[in-house]
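Owing to the predicted nature of the structure, the values given are computational and were not obtained by experimental measurement. All heavy atoms count here, side chains included; hydrogens, waters and symmetry mates do not.
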Amino acid sequence: MKIRTLKLREAHRSTANGSYCSVLWDQQAHHLVTASSSDPTVAIHDPLLPSNPPRMLRHHRDGVTALSISPNSTCLASGSIDHSVKLYKFPGGEFETNITRFTLPIRVLAFNKSGSILAAAGDDEGIKLINTVDGSIARVLKGHKGPVTGLDFDHKNEYLASVDSIGNVIFWELQSGRILHDLKAVAPNTISDTSVMNVLCWSPDGETLAVPGLRNDVVMYDRDTAEKLFSLRGDHVQPICFLSWSPNGKYMATSGMDRQVLIWDIDKKQDIDRQKFEDRICCMAWKPVGNALAVIDVMGKYGLWESVIPTSMRSPTEGIPSLQSRNSNGLLLFEEEDEEPNTSGSLSDLGEDALDESDLASRKRLRRQFKYNDDQDEDMDNDWNLLPKSQMQKKGHRTRKENFDGGNNNQTGTVVSIRSKMQEAFQPGATPSQLGKRRFLCYNMLGTITSIEHDGYSHIEIDFHDTGKGPRVPSMTDYFGFTMASLNENGSVFANPCKGEKNMSTLMYRPFSSWANNSEWSMRLEGEEIKVVALGTAWVAAITNLNFLRIYTEGGLQRHIISLDGPVVTASGFKNQLAVVTHASDCLPSSDQMLEFRVFDISDGTQPIRGRLPLSPGSLLTWLGFTEDGQLSSYDSKGVLRVFTSHYGGSWFPLFSASKEKKSDENYWVVGLNATKLFCVVCKTPDLFPLVIPKPVLTLLDLSFPLASSDLGADALENEFILNSMHLSQIHRKIEEMASVGRDASTLDDEAFNIEAAQDRCILRLIASCCNGDKLARATELVKLLSLEKSLKGAIKLVTALKLPNLAERFNNILEERLLSESKGTTSLLNSDAGNSLIADVGVNKSLTDSRSETLELGIQLKPLPLTGSSGMSEPGITLPFPKLSAPLFTKKLKNSEKEKTDQDQIVKLESGTKLVHSEKVDNGGNVNSTEGKIVGQLLKLHSQHPPNPFSKTSNNEESTNKEDRNQQNFQRASNPFKKSPR
């Protein structure tokens, strides 16, 4: 069989992984209509002049997921992710009305044969039957347990067939609205796959219903009994995603996930032709007149397959059943008396013909949405039949999910202009709405804001994780339809997209406590839609679709309006910092997003940080926030967590990779992080976000760099070493900043000391691993990174015990060089400016000047400072030695000399213990075994002894005792070097 190629033309731009696109003909084949779920416009093309620009209908605010045209081709219906169904005059394209709205995206539309009833369904809870004469809801059919992805009326207006994303097919009796047949799991389950949609289609004679099967085939069911008649199974190697009857019912076109389109001879039950495409064909429509098939793929490219049926065979439009008029999809049309088009362009002239359906006036909305996952849902109507195909895809959810096929689809060489769609804005910590279920408007490390819709309004509740810290906040009734929120210790902010006739977006702030009455405030933006909100200390921020950053005070004063460089993606606040991520440019041909971040200091009115935001190739940004210490962090759809640090002039460090942690059936929904742990909710595939009920359980995951497998087998130790280095560097920077403005940095002293001690313990274990693995050069590099003199001596004892004399000698030389450097530094300090005040030269690490004094040095250079004794008289100052080591130092003085004696005794015992050590080995994990383990353990225990904090307050007895000791020694402790002295 000859496989031909077909050149396609771009109609709509799509996302990297493709979007569901629709195509249909009018009855006379004068026009071709296309739409895409990633494009809010509907295009009406002239098939005779394809090079002419199409007529564009721009009335939706989001992607168009469903199209249907009335049987007399006078009315066009479109459904969208923006929850609305719109009617237009056809072919002029004049907007008529919003005939109905849903609370969730529409996925499928279908006119009945007379055009008096329009069926609409999607992610919402129910199949609505809408009277096109007056827009009233004739009935809502209830029965599906998953999102409805396909609808089709039979030719007699007696039955409606529907299929959902979990594979259930229902035959409805329109007169009564009851279920005639309910076929369970006969079609593929598409909940977990966005690329495969369930559709169905009545044959033109109305006797057979075609449904995609579970074996990459098409199954035919009897109209009255719903019994399986036969199936079409050929060369499709992946599931069928669309099917369409020819107008005469003799042929069928099927499109599969394998990017093939097969043409079937129904009588012979075999395929007669095929076409291979570069991208999946998601919708097809037979030309009502002639021998052609219109196709459109997931990248928004459409084309016309001419001479589909060989000339030796019967034409697809020959011998159309007399019960119906011809239509592109082969579904029934109106009877002869109904064929006269209405001059007004509406469908009112057909309303009398469907009184049976109009009388169905009393049903409620049905079907609870199951899981709106990455399934996209769309409807395609080929004139009279609507072979709907829906992708169950929610706007908020779609923008945060990763590309499942790992990259964008290949595009034909003739169409180079197709670009991946830029990521849409999202609110960190928010989940998509679900009909009848609570959703998170905000979920962060402090608490949650949840909302549930009920009878046209929403019920909002605010809860804190630690009920003892957060205030009790009463629930709120929301009449605005808020879809995003942010929460901090002082209050909460809410916003909604544009609504109402004035196309207005609302921003509202609610403080938790205030001395003034009526401290709550709101702002309304007409013709401007809020995309993201953020909160900080005494400020509120909102970013809009006009690329405006609007900053308000806590009291509601409009403080600043800043124009951003590109469309916003997301934003997050922490104290005085506001981080905003925007698009820097269009996506790359590889589908990579080009994002830029900037951090504003709201209190100072400055922008200290700005740069490109790194993402994994082919991924989207799914979370942005700050650590508990205020470090900016991001998480992408490939599961990589990055933290911004000051290293190398400002760089992003990858601190976590989900690919190394999670199981194949798990997804991580990030909530926040601290210095060592990632807080997230583990969701089972295919869920990408948690439900409010049952209450999500937070899971703590260890942060770890994506390290290469070490030849030492000590990956855990190496990861700890890098994390400690990063954290210590951050503390150094904070102390520098505090010292530069004269603030007391003593509060960071204990934290810095603990990390310093932990780092030395980690390095000692790594040295033991290196010795065991015969990596002596690496051990030498590690010993130079030890900050404490005691640690160096401990390392020498360790390698001596391991009988490595050459290494011990090198370690000894390093120690001698350090002691020499210390002595030179001490001499230099003693001879410098004896009368000057103490100067802080920042750098915070701990070191011991010698084993006798046990002095921990604070990384500051001291000059002689006159000290005032208890008598109030000035006494000669005592200069403290502050040698400059290769590693930053801490300085602390022990409070009494007993500490020295105790540590000396421990060292003597340790030295005597090393003489008993022989040739015990070190295991690959960096742990020391046997006697050697005891040595390292003693070393680590000795290092973990924390010298007293020189800035901490002592008891009265201690103060009295210390005072006597100092007077006896003619010594007085130096005052706080960062505290401003009174004038």
Side-chain angles (χ1 to χ4, degrees), residues 66 68 79 85 100 102-112 117-131 137-154 156-191 197-202 209-214 219 221-228 356-373 375 377-379 385-392 434-437:
S68 184
V85 178
T100 191
F102 284 62
T103 57
L104 295 174
I106 288 88
R107 302 301 178 184
V108 58
L109 298 174
F111 279 102
N112 69 340
I117 293 292
L118 175 67
D123 295 356
D124 212 326
E125 191 177 319
I127 303 174
K128 287 185 180 180
L129 301 182
I130 307 162
N131 192 326
I137 305 299
R139 190 183 292 276
V140 179
L141 305 179
K142 181 177 182 179
H144 281 285
K145 302 300 181 183
V148 176
T149 60
L151 293 173
D152 196 16
F153 288 94
D154 83 323
K156 296 179 181 178
N157 279 341
E158 294 177 356
Y159 300 150
L160 173 69
S162 61
V163 61
D164 59 34
S165 61
I166 60 177
N168 296 339
V169 174
I170 296 181
F171 289 57
W172 305 89
E173 185 185 58
L174 293 176
Q175 177 70 28
S176 63
R178 67 187 180 93
I179 296 176
L180 291 178
H181 307 288
D182 189 355
L183 308 180
K184 299 292 187 182
V186 296
N189 186 321
T190 61
I191 285 182
M197 295 299 113
N198 287 332
V199 296
L200 43 69
C201 183
W202 288 104
L209 181 69
V211 180
L214 301 176
V219 181
Y221 295 92
D222 183 76
R223 177 180 186 271
D224 298 316
T225 64
E227 293 179 352
K228 180 177 177 180
D356 290 344
E357 297 145 38
S358 302
D359 289 341
L360 317 168
S362 67
R363 299 229 13 211
K364 298 179 180 178
R365 289 194 310 183
L366 122 98
R367 194 187 51 69
R368 215 170 357 155
Q369 173 208 340
F370 190 60
K371 286 180 184 174
Y372 49 59
N373 184 12
D375 307 333
D377 163 295
E378 242 171 302
D379 162 51
N385 161 22
L386 173 219
L387 258 197
K389 187 167 285 199
S390 319
Q391 282 185 336
M392 172 122 186
Q434 304 179 72
L435 188 63
K437 295 183 180 180

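Across all their heavy atoms, Val169 and Leu209 have their closest contact at CG1-CD2, 4.2 Å. Taking both residues in full, the closest heavy atoms of His144 and Asn168 are given as CE1-O, 3.5 Å, listed atom of the first, atom of the second, then distance. The two atoms that bring Gly146 and Asp164 nearest to each other are O-CB, 3.6 Å, heavy atoms only. Annotation for Phe153 and Ala110: closest pair CE1-O, 3.4 Å, computed over non-hydrogen atoms. When every heavy atom of Ile106 is checked against every heavy atom of Ala66, the shortest pair comes out as CG2-CB, 4.4 Å. Taking each heavy atom of Arg139 and Leu174 in turn, the nearest pair found is NE-O, 4.1 Å.
Rounded to the nearest 0.5 Å, atoms CG (Asn112) and CG (Leu151) are 12.0 Å apart. The distance from the CG atom of Asp154 to the OH atom of Tyr159 is 7.5 Å, given to the nearest 0.5 Å. Remark: Lys128 NZ to Ile137 CD1 distance equals 5.0 Å, nearest 0.5 Å. Atom CD1 of Ile170 sits about 13.5 Å away from atom CZ of Arg178, to the nearest 0.5 Å.
Residues passing the side chain to side chain contact (heavy atoms under 4.5 Å, CB included) test with Val219, sequence neighbours excluded: Asp217, Tyr221, Lys228, Ser231. A search for side chain to side chain donor-acceptor pair (under 3.5 Å) contacts involving Asp182 returns Lys184, not counting sequence neighbours. The side chain to side chain contact (heavy atoms under 4.5 Å, CB included) test applied to Leu214 returns Pro188, not counting sequence neighbours. For the ring pair (Phe, Tyr, Trp, His ring centres under 6.0 Å) test, residues two or more places apart in sequence or in another chain that qualify with Phe171 are His181, Trp202.
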Determine, stepwise, if the pair Thr100 / Leu118 fulfils side-chain contact (heavy atoms from CB on, under 4.5 Å). CA-CA 10 Å; Thr100 191; Leu118 175 67; over 6 Å; no
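Put simply, the side chain of Leu129 reaches to within 4.5 Å of the side chain of Leu160, judged on heavy atoms. Residues Trp172 and Ile179 are in side-chain contact: their nearest non-hydrogen atoms beyond the backbone lie under 4.5 Å apart.
Checked by atom type and distance alone, the side chain of Asn198 never pairs as donor or acceptor with a backbone atom of Thr149 at under 3.5 Å. A distance-only check finds no donor-acceptor pair linking the side chain of Asp124 to the backbone of Gly126 [under 3.5 Å].
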